[in-house]
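Worksheet: the structure to be examined is printed underneath.
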Amino acid sequence: MGAVYALFAAWFFWSPKFEGLTYNDTKGKIHFWGMFIGVNCTFFPMHFLGLQGMPRRIPDYPDAFAGWNLVASAGSMISIIMSAYFITIICDKFERGLDASRDGWLKDEYIEAYGAWVDNSELSKNIEWSINSPPHFHAFNKLPIQG
């Protein structure tokens, strides 16, 4: 699931840049926490089941393992629901998304939260955020040199 979290994080970070639309931050946070709870409810009980001696790769389990298997099944259902919710976030983005700015990470709420150690001048020097979103084809006439 670590790779899947990386894919979700990459999508939430880069999609405003290559699609030119912003997503709802609140829905993104709901998706993260829902997936976090669902994945941990799915895989964490498996540690306890293994310590209790539950065999793997068999079609039927003894009733002694039913409690933790129920927790793991509920966690997998939460993960499935959150995966469907991710699709609704994408649809909502295309229906109601606002135009992305050049640097979507220079929002007021991020500056207020991290203002003590964020240097705005350094953030705006990133080459990928220095042009419009989405970038036009052949945005640079020559290879840019960042100093």
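Owing to the predicted nature of the structure, the values given are computational and were not obtained by experimental measurement. In this chain, numbering begins with 1 at the start of the sequence shown.
Using a 4.5 Å cut-off on side-chain heavy atoms (C-beta onward), N24 and I89 make no contact. Residues K27 and D92 form a side-chain contact, since some pair of their non-hydrogen atoms from C-beta on lies under 4.5 Å apart.
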Candidate pair F12 and F32, rule side chain to side chain contact (heavy atoms under 4.5 Å, CB included), full reasoning: CA-CA 10 Å; F12 280 113; F32 169 78; over 6 Å; no
Please step through side chain to side chain contact (heavy atoms under 4.5 Å, CB included) for the pair E19 and F94, ending with a clear verdict. CA-CA 9 Å; E19 292 170 349; F94 287 117; 3.6 Å; yes
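Note that NZ of K93 and CD of E95 are 13.5 Å apart. Values are rounded to the nearest 0.5 Å. Rounding to the nearest 0.5 angstrom, the gap separating the CG atom in L49 from the CG atom in N69 is 5.0 Å. For the atom pair I87 CD1 and H31 NE2, the distance stands at 8.5 Å (nearest 0.5 Å). One distance of note links CD of Q52 with CH2 of W68; it measures 8.0 Å at 0.5 Å rounding. F48 contributes atom CZ, which lies 14.5 Å from atom CZ of F65 (distance to the nearest 0.5 angstrom). The OH atom of Y85 sits 15.0 Å away from atom CD1 of I78, with the distance rounded to the nearest 0.5 Å.
The hydrophobic clustering, which links ILVMFWY residues whose side-chain heavy atoms are closer than 4.5 Å, places M77 and M46 apart. No continuous path of hydrophobic side-chain contacts links V71 to I80 [ILVMFWY only; heavy atoms under 4.5 Å]. Linking Ile, Leu, Val, Met, Phe, Trp and Tyr whenever their side-chain heavy atoms come within less than 4.5 Å puts I81 and Y5 in one cluster. By the rule that hydrophobic residues join a cluster once side-chain heavy atoms approach within less than 4.5 Å of another member, F13 and L98 end up as members of separate clusters.
Heavy-atom minimum distance, G75 versus C41: CA-CB, 3.6 Å. Of all the heavy atoms in W11 and P16, the pair that sits closest is O-CD, 4.3 Å.
Counting only distance, with no hydrogens or angles, the side chain of Y23 and the backbone of S15 share no donor-acceptor pair below 3.5 Å.
Proximity of the aromatic rings of F86 and F8 is defined here by a centroid distance below 6.0 angstrom, and this criterion is met.
Applying the side-chain contact (heavy atoms from CB on, under 4.5 Å) rule to S79 yields the partners M35, V39, T42; only residues at least two apart in sequence or on another chain are considered.
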